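Treat the numbers as computed from the prediction; the structure is a model and nothing was measured.
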Amino acid sequence: MKLLDNDNSGNRLKALLILYNLTGKSALSLRTQDGGTIVIPDVASKTSGKREVNPSKVQLAVYDGDKKIADAPPVSLARGQAFSLFVVGDASAATP
């Protein structure tokens, strides 16, 4: 078991996105569903990455390099709230 420290957002006007890479894959990123915008880059295995963003309705996806692993469900990001996506599994089969 490993404790991953998770800071709160310092800006109540933004939403906080957190990506947890609980796989054996070396680095995962969270991007817009079409892959055009990287939201949280290069989250190493067994760590997390975060980013404060403006509130909006978005569709995101998890990428391993330029390869899409899976789409995340659509989410409405709200001010002052945190949204987490956990990616689990082994290096050959990661699942959000």
Side-chain angles (χ1 to χ4, degrees):
M1 181 179 293
K2 180 180 179 183
L3 178 65
L4 297 175
D5 190 22
N6 195 17
D7 295 332
N8 291 332
S9 173
N11 186 345
R12 301 287 299 163
L13 297 177
K14 302 272 187 171
L16 179 64
L17 281 172
I18 307 165
L19 174 64
Y20 292 91
N21 179 358
L22 305 178
T23 70
K25 293 190 176 286
S26 60
L28 298 177
S29 62
L30 187 64
R31 300 182 184 194
T32 53
Q33 193 175 38
D34 65 2
T37 302
I38 299 173
V39 180
I40 302 174
D42 302 328
V43 177
S45 179
K46 311 296 188 257
T47 65
S48 64
K50 66 181 180 178
R51 181 171 178 186
E52 291 180 338
V53 296
N54 290 324
S56 62
K57 186 171 184 174
V58 296
Q59 288 197 265
L60 302 168
V62 178
Y63 280 77
D64 179 10
D66 288 329
K67 180 183 174 195
K68 185 190 292 189
I69 294 177
D71 292 317
V75 63
S76 293
L77 303 174
R79 295 176 198 268
Q81 293 187 352
F83 300 86
S84 301
L85 180 62
F86 295 83
V87 184
V88 297
D90 59 25
S92 63
T95 305

Only residue of Val58, Leu60, Thr32, Leu30 satisfying side-chain contact (heavy atoms from CB on, under 4.5 Å) with Thr37 is Thr32

Kindly indicate whether the side chain of Lys50, heavy atoms from C-beta on, has any atom under 4.5 Å from the side chain of Leu16. yes

Between the OG atom in Ser56 and the CZ atom in Arg79, the distance rounded to the nearest 0.5 Å is 10.5 Å

Should Ile40 and Val75 be regarded as members of a common hydrophobic cluster, given that ILVMFWY residues are connected when their side-chain heavy atoms come within less than 4.5 Å of each other, either directly or indirectly? yes

Any link between Val62 and Leu77 through a network of hydrophobic side chains (Ile, Leu, Val, Met, Phe, Trp, Tyr) touching at under 4.5 Å? yes

Correct closest heavy-atom pair for Ala15 and Phe83 would be CB-CE1, 4.2 Å

Inspect the surroundings of CG in Asp66 and state if more than 12 heavy atoms from other residues, nucleotides or ligands are less than 6.0 Å away. no

Any chain of hydrophobic side-chain contacts (each under 4.5 Å) joining Ile18 to Val39? no

Find out whether Arg31 and Ile38 are in side-chain contact, i.e. whether some heavy atom of one side chain is under 4.5 Å from a heavy atom of the other. yes

Between Arg51 (side chain only) and Leu17 (backbone N and O only), is there a donor and an acceptor less than 3.5 Å apart? no

Donor-acceptor contact below 3.5 Å, side chain Lys25 vs main chain Gly89: no

CG (Leu19) and CG (Leu28) are apart, to the nearest 0.5 Å, by 6.5 Å

Using modelled atom types and a 3.5 Å cut-off, is there a donor and acceptor pairing between side-chain atoms of Tyr20 and backbone atoms of Ser84? no

To the nearest 0.5 Å, how far apart are CZ in Phe86 and OG in Ser48? 9.0 Å

Hydrophobic cluster identity match, Val43 and Tyr63, side-chain contacts under 4.5 Å: no

Could you tell me whether the side chains of Asn21 and Lys46 share a donor-acceptor contact shorter than 3.5 Å? no

How long is the span from the CG atom in Asp64 to the OG atom in Ser26, to the nearest 0.5 Å? 6.5 Å

Ser45 side chain to Thr23 backbone, donor-acceptor under 3.5 Å: yes

